[in-house]
Each structure stands twice: as structure tokens, then as C-alpha cells.
Amino acid sequence: MSNLRKILVNKKGTPCKSIWFMRQAGRYLPEFRKIRSQNQNFIELCLNSELSSEITLQPIKRFDLDSAIIFSDILMVPYALGQKVNFIKNQGPELSQFNLHNFLDVNEKEFSQKLDPVYKAIEITKKKLNKEKSLIAFIGAPWTLITYMLNVKSNKNEINLEKLTEENININQILNKLIKFLCIHIDNQINAGADVVQIFDSWAGLVPDKNIKDYCFIPNAKIVEYCRKNKIANICFPKGIKKKYEEFNRIVEPDGINLDYDVDPLWAKDKLKNVVLQGGLDPKKLLISEKEMLEGATKYIQIFKDIPYVFNLGHGLLPETDPDRVKKLIEFYRKY
Ligand code: CP3
């Protein structure tokens, strides 16, 4: 069994270790930028199975990492559900106007067919990857997808839910369809050869308090329950919910949980039980001095030395990160 999957399955086992990074395949790598410069359309690049597999393996070739995460995007799901997705340079993603009728109309077959190149990329990658290494699949959690699909987030990261009420949009109807199709997407990725799934709820911290159960905890819980029933190892990342990590963990019961950089690791060790902890280190620590980066890393390694812990960051690697810093960090972790 691959390293990461083993840790997630044996939650209470020996404090075995593993290391990988969110956004380990991306713009900070010159070899990625080269491919990207020749492929202006990001969605098309994600749908190119050979290139997607090549990009997935780029950080594995360069560094001593335990897992590969498939090169794709959480917005491939809105794309497969009928919205046009554009990535505008230095601005981020832009989706075409959401149409409820079209969205509800998409069937499972059509959805899976549109994402077939992602599954092919997983198959290709799995064949090339050393058996001890995990291949991580991922999805965006329903709420985070909705923030993009319905464009409810302002540039200042404020949420305007009243807009949806005014437009008579029934969020529960959208959540339910998303949950169903996200489970299909997980299933397809696992069948193609992935052995762990990470669920990114990157904008969980923006859910208003009164909606956190309905829009964050319950949708994540339903997806994790599906994984549990099908023995799929899973990691949740409800970024930005602060002390509500505790309630999230109690309600959702994932195999693993990724800490963001605002969560105090000592608090997490005390409060988050029956779950494998992952990540935490602020990706900005890789941009300052090497000494400060290693001090930051030491804190997490020390605190979690006697429990199963997966070394990772509190969010993705930033594009301005020096790949040599990443190398130093991995070497430091290995030697520790
Ligand atoms: O290495 C990996 O982690 C695998 C690939 C991966 C990408 N996106 C590739 C990508 C993963 C796991 C994601 C997840 C993702 N995508 C999330 C959740 C994690 C997080 O960062 O919070 C979110 C919110 C998205 C949506 C998204 N995709 C945004 C907002 C952007 C533009 C801004 C940004 O952060 O880069 C993307 C584009 C994107 N996805 C790039 C990459 C390598 C950059 C594309 C480019 O311009 O070259």
C-alpha cells in the first residue's frame, strides 16, 4: 500500500511520516512555466492527459517527495457541469453566467465523458509512479465551487449571499447536485488509479456563521461518508474556519485534516482527535530567510513527532517560491 494511504488508514498506528506540498506542480517550477507558455488555455492544458501527467511528475523528479497530486483544477467540475471557465492572467478564474436549468440538466454520462482526459492522466501517471508513492486525487468542496460558479465573492473576499436570495437561487438544490457529481468524480479518479482524495474547501472561512453547518460541515460530511463507505482514504481542508476546525472534525470525521497557517499546532494536537494531521506551515515562510523557514518547519515537526503527521503547508506553494528552498526544506525534514 502506498505511504500516505497507509498512514490515513492506520490512524492510530505508529507515528509514520510522509511529505508532499499543495501546489507542488505549478508556476514556481521553471519546467512548468515552459509548458504553460506553450499552452495558453489552462482548461485545455488540464485536458491534455500526457502533459497533465508530465506536470504531475515534475516535482517528483526534482524532489524527494512521498506523493504526487494530479495536475488538474477544482474548476474542472463546473466546466464539466456546463460553465465556461477562463483563467485571466494575474486575475484568477472567471466563469460564464450560471444557468440553473443547464446545470440541473447535465447527466452523469456527459459529466464523466467531459472529464475523461483527467482520468486518463491518472492512469498514465499511476503506471509511471513508484509503488510506494501515493497518487492524490482532489475535488473542490461544494461551497468553494459555488463561490466561483455563482460569483458571490467580491475582490475583497466578502460574500454576498443576499444576492442569491434576491435572484431566488436555491442553494440546497445546487449543493445536492454538486455533492452527487463530486462523488462520481472521486469514484472515477479512484478507479483510474488514485489512492487518496483531498477535499479543498478553500473558502470555508467565508461562510457566514449561521450557514456553516449547512454549507460547509454537512456537504463535507456527506462526501466523506461516501468515501468511508467505499474505503477511499480522504483528507479535508476547511481553510480559514479557525476554532471551528474542532466542530468540523467531530461532525465530518475525515481520515486526515489539513491545518491552515492560522491554526495553532499545539491547539490542533490537543483538540483534533482520531484524525491524521497534515500541513500547517505558512507558505510565506519559504519566501523569507532560510533560517526562519527551518525554524518554522521545526516547530511543526517537533510538536507532531509522536503522532501520525503528514508534512505539508498551510496553503499552496506560492508562485514566487524558489525551488531550491523547497529542496532545502525537504532535505531538512528527511534528516530530522
Ligand atoms: O500541484 C497541485 O496542487 C495540483 C494542481 C492544482 C491546481 N489547482 C493547479 C493550478 C490543485 C490541487 C488546484 C486546486 C485549486 N484550484 C484550489 C484549491 C486549493 C487552493 O489553492 O485554495 C482552488 C481554489 C483553485 C482555483 C484556482 N485555480 C484559482 C483561484 C487559480 C488562479 C490563481 C492561482 O491560485 O493560481 C487557479 C489556477 C491554477 N490551478 C494554476 C495551477 C498550477 C495556475 C495556472 C497558471 O496561471 O499557470
Side-chain angles (χ1 to χ4, degrees), residues 7-8 11-12 15 21-23 74 138-148 152-154 156-161 171-172 175 179 197-225 227-228 233-285 295-316 318:
I7 296 177
L8 292 167
K11 258 174 247 184
K12 295 187 190 95
F21 295 115
M22 294 185 278
R23 294 287 178 102
I74 63 166
F138 66 88
I139 59 161
W143 162 259
T144 288
L145 293 183
I146 283 178
T147 63
Y148 291 105
V152 285
K153 188 166 63 66
S154 74
K156 288 191 202 119
N157 288 346
E158 285 156 353
I159 286 292
N160 184 1
L161 282 178
I171 294 202
N172 284 324
L175 281 172
I179 291 167
V197 64
Q198 176 140 331
I199 303 162
F200 288 96
D201 214 346
S202 304
W203 297 112
L206 297 183
V207 182
D209 275 346
K210 64 175 197 300
N211 304 112
I212 190 98
K213 255 211 171 103
D214 288 337
Y215 298 169
C216 174
F217 298 168
I218 294 174
N220 276 282
K222 285 186 176 164
I223 294 169
V224 166
E225 190 191 330
C227 291
R228 199 180 304 118
N234 55 79
I235 303 167
C236 281
F237 185 22
K239 183 174 177 288
I241 63 171
K242 303 199 160 74
K243 293 261 153 60
K244 287 190 282 256
Y245 259 85
E246 192 181 359
E247 199 183 353
F248 181 98
N249 186 49
R250 205 174 51 240
I251 294 175
V252 179
E253 296 185 77
D255 294 327
I257 200 162
N258 197 106
L259 308 176
D260 69 47
Y261 44 76
D262 277 338
V263 179
D264 174 7
L266 278 172
W267 177 88
K269 191 180 181 185
D270 181 40
K271 301 289 186 189
L272 307 177
K273 300 293 183 191
N274 295 315
V275 68
V276 174
L277 302 179
Q278 170 176 287
L281 180 67
D282 192 335
K284 289 200 188 75
K285 292 265 186 214
E295 275 167 10
T298 305
K299 182 168 140 193
Y300 286 90
I301 301 171
Q302 269 293 334
I303 291 174
F304 298 127
K305 67 174 186 291
D306 54 352
I307 58 170
Y309 172 64
V310 179
F311 194 89
N312 202 319
L313 304 174
H315 201 190
L318 297 161

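- When the salt bridge (Lys or Arg N to Asp or Glu O under 4.0 Å) test is applied to K242, no partner is found at least two apart in sequence or on another chain.
- Here CG of N220 is found 10.5 Å from CD1 of I218. Values are rounded to the nearest 0.5 Å.
- Here the closest non-hydrogen pair linking V152 and I146 is CG2-O, 4.3 Å.
- When side chains are defined from C-beta on, Y309 counts as touching Y300, because their heavy atoms get closer than 4.5 Å.
- Of all the heavy atoms in F248 and C236, the pair that sits closest is CE2-CB, 3.6 Å.
- Considering only residues two or more places apart in sequence or on other chains, E246 meets the salt bridge (Lys or Arg N to Asp or Glu O under 4.0 Å) condition with none of them.
- The distance from atom CD1 of I235 to atom CE of M22, rounded to the nearest 0.5 Å, is 9.5 Å.
- Residues meeting the ring-ring contact (aromatic ring centres under 6.0 Å, His included) test with Y245, sequence neighbours left out: none.
- In this structure, NE2 on H315 lies 6.5 Å from CZ on R23, to the nearest 0.5 angstrom.
- The two residues I199 and A141 make their nearest non-hydrogen contact at CG2-CB, 3.9 Å.
- Among pairs with a residue in residues 202-217, those fulfilling side chain to side chain donor-acceptor pair (under 3.5 Å) read Y148-W203, D209-K244, at least two apart in sequence or across chains.
- For K269, the side chain to side chain donor-acceptor pair (under 3.5 Å) criterion is met by D306, not counting sequence neighbours.
- Shown here are the ring-ring contact (aromatic ring centres under 6.0 Å, His included) partners of F138, two or more places apart in sequence or in another chain: F200.
- For F237, there are no ring-ring contact (aromatic ring centres under 6.0 Å, His included) partners two or more places apart in sequence or in a different chain.
- The side chain to side chain contact (heavy atoms under 4.5 Å, CB included) search around P142 returns L175, L178, I179, L182, P219, I223, not counting sequence neighbours.
- By the ring-ring contact (aromatic ring centres under 6.0 Å, His included) test, F21 is found to be paired with no residue, residues two or more places apart in sequence or in another chain being considered.
- Smallest separation of non-hydrogen atoms from A297 and L281: N-CD1, 3.8 Å.
- Of all heavy-atom pairs spanning L206 and K153, the tightest one is CD1-CD, 3.6 Å.
- Across A204 and C216, no two heavy atoms sit closer than the pair CB-SG, 4.0 Å.
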Could you pull out all donor-acceptor pairs under 3.5 Å where a side-chain atom in residues 252-268 meets a protein atom, sequence neighbours excluded?
| from | atom 1 | to | atom 2 | distance (Å) |
| --- | --- | --- | --- | --- |
| D255 | OD1 | K11 | NZ | 3.2 |
| D255 | OD2 | N234 | N | 3.1 |
| D255 | OD2 | N234 | ND2 | 3.1 |
| N258 | OD1 | Q278 | NE2 | 2.7 |
| N258 | ND2 | L313 | O | 3.2 |
| D260 | OD1 | D262 | N | 2.7 |
| D260 | OD1 | V263 | N | 3.4 |
| D260 | OD2 | G240 | N | 2.7 |
| Y261 | OH | K239 | NZ | 3.4 |
| D264 | OD1 | L266 | N | 3.1 |

